[in-house]
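One structure is given below, encoded as structure tokens.
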Amino acid sequence: MADQHPLLWTPDAARIERSKLHQYMQWLAAERGQHFSDYHSLWQWSTAHIEEFWESIWQYFAIKSSAPYSKVLAERIMPGAKWFEGSRLNFAEQIFRFNTDAASADKPAIIARSETRAAVELSWRALREQVTAVANTFRALGVRPGDRVVAYLPNTPEAAIAFYACASIGAIWSSCSPDMGSSSVLDRFKQIDPKLLLAVDGYRYGGKDFDRLSVVDAMRTELTTLEHTILLPYLDPAARLPGTLPWAELFTHPAAHAQPIQFEQLPFDHPLWILYSSGTTGMPKPIVHGHGGCLLESIKGHALHLDLGEDDRFLWFSTTGWVMWNAQVTGLLVGATICIYDGNPGYPDMRTLWQFAEQTQLTFIGAGAAFFANCMKAGIEPSTLADLRSLRAVGSTGSPLASDAYQWIYQHVGSDIMLASISGGTDTAAAFVGSCPILPLYAGEMQCRALGVAAHALDDHGKSLIDEVGELVMTLPMPSMPLYFWNDPGNRRYLESYFEHYPGLWRHGDWIRITARGGAIIYGRSDATINRYGIRMGTAEIYRVVEELPEVLDSMVVDLEYLGRESYMPLFVVLRAGVTLDAALEQTLRDKIRTQLSARHVPNDIFAVDEIPRTLTGKKMELPIKKLLLGMPLEKIANPDAMSNPGSLAFYADFARQRNAA
């Protein structure tokens, strides 16, 4: 495949020598006798010798454990790989190894601002004190290792503090953003039987206030296993809800300051947090990750690929319902100051986040690809709107970043920055392909496959491809792969999700091309997951909401996100006899999706159709229709003999011709 990606950036020798990756390679040479001429030979070693590689990460970053491991990896199998068996550690304990002396304890650990609050700064000393108080109070309230603590909170310091406190106890954390509708949140939280809920009274976004007290009250009724609810007054400092404990009382509880923080020593695979799949084929899947796997992967990714350390100020704009929030709060594992912004990054205009970067002297700013595309469309020049001289890197993920957005960043943000365009997943809380501080960068292309990640593009027969588009597949286990799905007997849903197509190999659900020079290009989802503006959601979640309306008999939605194109998501609905898709019904559909799911998943257009194409087994044919609308010939996307209603394709074929001709 011809290379049409111009070179945009090459790190100079001084930057390479300062990089954490270069220092790690020097250590490998001095301590292990492992010499590598370039990054790609290092990657080859890290995947050919995964046990040796991950042990080197443990040793190089001096992972603290109270008991040693007996073996790095028991067996190279997926799923079910057992890493570092015998070891006992705690994720949160690693965070508080930085700035412990009196001279540096007052350095900022967290800097935060929102539409609701002015800027606040929390030192390492204050962070430790607050995490200690919250953890002690949680214990006094009966929270024990393995209990689930759920959070319906915005991206605030309180959310991070509560997470660190949970991790110190060994409780299992799970969070959703308050801009998610109650149906989406309950679909997630009800599956895991939480003991404690942290919730917010409301939030401000885009200059508008959103009260959530009634939603929280209703959630408490639905979550029947709850023993306690803690309310954070955020929108209204005087907000109260009967039967809840105000956040402030976590610090005045008799147990809050009774003892120094206790870091529960846990097995490597003790659950840390539960994230959620998008719900494409039913209810969102509760994905359980472990303390040890997330610890190793986060440190490796932040230090070696993002090049973050103790002198950095790190922001990745996110909500608490996206895995990038987890990536943000784990920045403390490498000693970086994490900078948090909660609100609409485009309010009152697209300058907001860049001005926050100036105010906090960010060295790293990350966001979803849509944010940079919107900045570009708005015609702003961040480098003239804010002092960005401290900025060393820009991160992008959530959907493919188009080549012209790469070039816009180098023209209008900074000419000597590392653009960390990465792609990974909630599924592993890790990047599979992404950035490298010692490699050149080409427009539209991620620089490399991540260390320790045996990522390949495979064809339908399992053949590895170079410079051809194939399925993104991991051929070897990673420590941060899910332990299991919550309440999944026999690992049935887990196996179906990743291992059904290529038995024994992890199929992720992305189209990928590995370039001849070792970079990677992601072309969007190969399954029906909607990854809209960086927020993943399954079609099944939308169907549950849309088809609750008595007027709607059936529905189908596809997202035509593709590299370099604007996201376009049409919704097709089959209506009851006598019902027409008038303006009122269309508005009802949009409002229902907006309030119960998210504003990001409101469709661009809604069309009334006679039928939804289905297979003989009754499955909606979302992926074939997506391929058709992206321009694939009809005869290549569907076998009429395998359909229950092949005549339904005529409408979509005509729709595709009109759209592609426009």
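- For the ring-ring contact (aromatic ring centres under 6.0 Å, His included) condition, the pairs that include at least one residue of residues 204-228, sequence neighbours left out, are Tyr203-Phe210.
- A donor-acceptor pair shorter than 3.5 Å cannot be found between the side chains of Thr352 and Tyr347.
- Checked against ring pair (Phe, Tyr, Trp, His ring centres under 6.0 Å), His302 has the following partners two or more places apart in sequence or in another chain: Phe314.
- Side-chain atoms of Ser174 and Tyr276 include a donor-acceptor pair closer than 3.5 Å.
- In summary, the side chains of Ser318 and Gln328 do not present any donor paired with an acceptor at a separation below 3.5 Å, with no hydrogens or angles considered.
- Checked for salt-bridge contact, Arg507 and Glu471 meet the test: a charged N lies under 4.0 Å from a carboxylate O.
- Proximity of a side-chain donor or acceptor of Asp510 to a complementary backbone N or O of Ile522 within less than 3.5 Å is not detected.
- Under a 3.5 Å cut-off, the side chain of Glu222 and the backbone N or O of Ala218 do not form any donor-acceptor pair.
- Salt bridge Asp179/Arg600: present, at least one basic N to carboxylate O contact under 4.0 Å.
- Each of Asn344, Asp209, Thr116, Asp342 was scored for a side chain to side chain donor-acceptor pair (under 3.5 Å) with Arg204, with one residue passing: Asp209.
- Atom CZ in Arg148 sits 11.0 Å away from atom CG in Leu226 (nearest 0.5 Å).
- Counting heavy atoms from C-beta on, the side chains of Val558 and Leu629 come closer than 4.5 Å.
- Atoms CG and CG, from Leu308 and Leu333 in turn, are 11.0 Å apart once rounded to the nearest 0.5 Å.
- Closest approach of Arg240 to Pro233, counting heavy atoms only: NH1-CG, 3.8 Å.
- Contact annotation: the side chain of Ile230 never approaches that of Leu197 to less than 4.5 Å [non-hydrogen atoms, C-beta and beyond].
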Phe364 vs Trp316, ring-ring contact (aromatic ring centres under 6.0 Å, His included): CA-CA, chis, key distance, verdict:
CA-CA 8 Å; Phe364 190 112; Trp316 203 299; 5.7 Å; yes
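- Side chains of Ser648 and Glu611: no donor on one and acceptor on the other come within 3.5 Å.
- Contact check for Ile338 versus Leu315: no side-chain heavy atoms found under the 4.5 Å cut-off.
- Of the possible donor and acceptor atoms, none in the side chain of Glu297 sits under 3.5 Å from a partner among the backbone N and O of Ser480.
- Judged by the 6.0 Å and 45° rule, Lys620 forms a cation-pi pair with Tyr543.
- A donor-acceptor pair is defined here as one N or O able to donate and one able to accept, closer than 3.5 Å; such a pair exists between the side chain of Thr397 and the backbone of Ile422.
- Here the closest non-hydrogen pair linking Ala608 and Leu581 is N-CD2, 3.7 Å.
- Atom CG of Asp559 sits about 6.0 Å away from atom NZ of Lys626, to the nearest 0.5 Å.
- Heavy-atom contacts from other residues, nucleotides or ligands closer than 6.0 Å to CZ of Arg220 number more than 12.
- Ring to ring, Phe432 and His508 are close: their centroids are under 6.0 angstrom apart.
- For Glu227, the side chain to side chain contact (heavy atoms under 4.5 Å, CB included) criterion is met by Lys195, not counting sequence neighbours.
- Looking at heavy atoms from C-beta onward, Val149 lies in side-chain contact with Val143 at the 4.5 angstrom threshold.
- Side chains of Tyr498 and Asp427 form a contact here, defined as non-hydrogen atoms less than 4.5 Å apart.
- Rounded to the nearest 0.5 Å, atoms CG (Leu630) and CZ (Arg659) are 8.5 Å apart.
- In this structure, Pro178 and Tyr152 approach most closely via the heavy-atom pair O-OH, 3.3 Å.
- For Phe651 and Phe607, the ring centers are positioned 6.0 Å apart or more.
- Judged as a side chain to side chain donor-acceptor pair (under 3.5 Å), and not counting sequence neighbours, the contacts of Trp325 are Asn155.
- Between the side chain of Glu547 and the backbone N or O of Ser555 there is at least one donor-acceptor pair closer than 3.5 Å.
- For the pair Leu231 and Leu245, the minimum side-chain heavy-atom distance is 4.5 Å or more.
- Between the CG atom of Leu153 and the CZ atom of Arg212 there is a distance of 13.0 Å, given to the nearest 0.5 Å.
- Remark: Arg590 engages Glu586 in a salt bridge, criterion side-chain N to carboxylate O under 4.0 Å.
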Stepwise side chain to side chain contact (heavy atoms under 4.5 Å, CB included) test for Ile409 and Leu401:
CA-CA 11 Å; Ile409 287 169; Leu401 186 67; 4.2 Å; yes
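- At distances below 3.5 Å, at least one donor-acceptor pair connects side-chain atoms of Ser175 with backbone N or O atoms of Thr320.
- Remark: aromatic rings of Phe91 and Tyr164 are distant, center separation not under 6.0 Å.
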Worked check of side chain to side chain contact (heavy atoms under 4.5 Å, CB included) between Ser182 and Gln596:
CA-CA 6 Å; Ser182 58; Gln596 294 195 31; 5.7 Å; no
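- Remark: Val120 engages Ala112, Pro157 in a side chain to side chain contact (heavy atoms under 4.5 Å, CB included) (not counting sequence neighbours).
- In this structure, the side chain of Asp201 engages the main chain of Leu235 through a donor-acceptor pair within 3.5 Å.
- Taking each heavy atom of Ile161 and Val134 in turn, the nearest pair found is CG2-CG2, 3.9 Å.
- Ring-centre distance between Phe163 and Trp273: below the 6.0 Å cut-off.
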Leu196/Asp147 under side chain to side chain contact (heavy atoms under 4.5 Å, CB included): CA gap, chis, key distance, verdict
CA-CA 8 Å; Leu196 187 147; Asp147 287 339; over 6 Å; no
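- The local environment of CG in Asp349 is crowded, with over 12 non-hydrogen atoms from other residues, nucleotides or ligands closer than 6.0 Å.
- Between Arg188 and Met180 there is a side-chain heavy-atom pair separated by less than 4.5 Å.
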Before you tell me yes or no, could you show the steps for Ile287 and Phe485 under side chain to side chain contact (heavy atoms under 4.5 Å, CB included), namely the whole-Å CA-CA distance, both residues' side-chain angles and the distance that decides it to 0.1 Å?
CA-CA 5 Å; Ile287 304 171; Phe485 291 168; 3.6 Å; yes
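- Asp193 contributes no side-chain N or O that, together with a main-chain N or O of Thr225, makes up a donor-acceptor pair within less than 3.5 Å.
- The closest donor-acceptor contact from the side chain of Arg594 to the backbone of Ala599 lies at 3.5 Å or more, if one exists at all.
- Nearest heavy-atom pair, Ala159 versus Trp173, reported as atom, atom and distance to 0.1 Å: O-CH2, 3.6 Å.
- For the pair Phe138 and Ala162, the tightest heavy-atom approach, listed with the atom from each and the gap, is CE1-O, 4.1 Å.
- The backbone N or O of Leu495 lies less than 3.5 Å from no partner atom in the side chain of Asn491, so there is not a single donor-acceptor pair.
- Applying the side chain to side chain donor-acceptor pair (under 3.5 Å) rule to Glu158 yields the partners Arg117, Thr156; only residues at least two apart in sequence or on another chain are considered.
- When side chains are defined from C-beta on, Lys377 does not count as touching Met350, because their heavy atoms never get closer than 4.5 Å.
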